[in-house]
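These figures come from a predicted structure and were not determined experimentally. Start at 1 with the first residue, then count along the sequence.
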Amino acid sequence: MESVKMKSVKRNTLANQAIDQIIDLLMSEQLKAGDKLPSEMELMDILRISRPVLREALGSLETLGVIHRKTKEGTFFSEKVGSEPFRLMLALSVGNIDTIIETRLSNELGLVGLAAERISEMELKKLKENIDQMEAVDGDYLDIDREFHRIIAFSASNSITEGMIDPILNMYDKTMENIPLKKRNKEKTVQQHKAIYHALEKRDPIEAYASMYRHLDHARNRVIRPLEKEELNMNKGVR
């Protein structure tokens, strides 16, 4: 393997600095996604750290999905971003409903524009089947709604955003669990999904963006307004 250039790390923050230096192999383009890392012995020598410290650093990177290990083959950088780093980031915003909804809004508006350019006929068929399924279901439809947005996200064919969509939807679904089914509007949701579908079918990114904005803004108001009203009533009660 061609020698790589890395800085030795200081003793006070060994594992964290080792993580930074390993990630820097990607940032400096000395190695690329999917490439094999130097062996443990080589990393220990380059970074001037012990085996326990190195394994702590590698364990953290593996947990985050940055690297993966293959038995008898070695350690490799992942081919694409997984969901774990973004999921951990969102976990810090638990309870901050505005932030979660705004994150979803900004993420999906970009995705639907890309999807309008890249979506396949098979994915359009899946969207149509999803809408038909939502219309026919009698009861909770959150899983079907979620799948509609996942199909669009993956049709954008972007490995980074693929790692973001599930954590965002997971966090959003937890927020939606607080809203009784009777207060949701399935007919409105189906209508908005159809508008998004038709825009994607026409390969029109501007119309797709506008339709998705109307849909997510409606959902945002449905979540935030009841909570704001509840908070206002609680404040009045305190007085």
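Residues passing the side chain to side chain contact (heavy atoms under 4.5 Å, CB included) test with Ile23, sequence neighbours excluded: Ile19, Met27, Leu61. Checked against side-chain hydrogen bond (donor to acceptor under 3.5 Å, both in side chains), Ser28 has the following partners two or more places apart in sequence or in another chain: Gln30. Listed by chain and residue number, Ser211 satisfy the side chain to side chain contact (heavy atoms under 4.5 Å, CB included) test with Ala195 (two or more places apart in sequence, or in another chain). Remark: Lys186 engages Met134, Val137, Tyr141, Val190 in a side chain to side chain contact (heavy atoms under 4.5 Å, CB included) (not counting sequence neighbours). With sequence neighbours excluded, no residue forms a salt bridge (Lys or Arg N to Asp or Glu O under 4.0 Å) with Glu29. By the side chain to side chain contact (heavy atoms under 4.5 Å, CB included) test, Asp20 is found to be paired with no residue, residues two or more places apart in sequence or in another chain being considered. Take Glu147 and apply the salt bridge (Lys or Arg N to Asp or Glu O under 4.0 Å) test, not counting sequence neighbours, and it matches Arg150. By the salt bridge (Lys or Arg N to Asp or Glu O under 4.0 Å) test, Arg104 pairs with Glu108, sequence neighbours left out. Residues forming a salt bridge (Lys or Arg N to Asp or Glu O under 4.0 Å) with Lys125 (at least two apart in sequence, or on another chain): none.
Legend: salt bridge (charged side-chain N to carboxylate O under 4.0 Å, His left out) pairs involving residues 128-138, not counting sequence neighbours, sorted by first then second residue: Lys128-Asp132, Glu135-Lys194.
Connectivity analysis of hydrophobic side chains (ILVMFWY, heavy atoms under 4.5 Å, direct or indirect) links Ile206 to nothing; its cluster partners are none.
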For residues 64-76, dump all side-chain donor-acceptor pairs below 3.5 Å to protein atoms at least two apart in sequence or in another chain.
from, atom 1, to, atom 2, distance (Å)
Arg69, NE, Glu62, OE1, 3.1

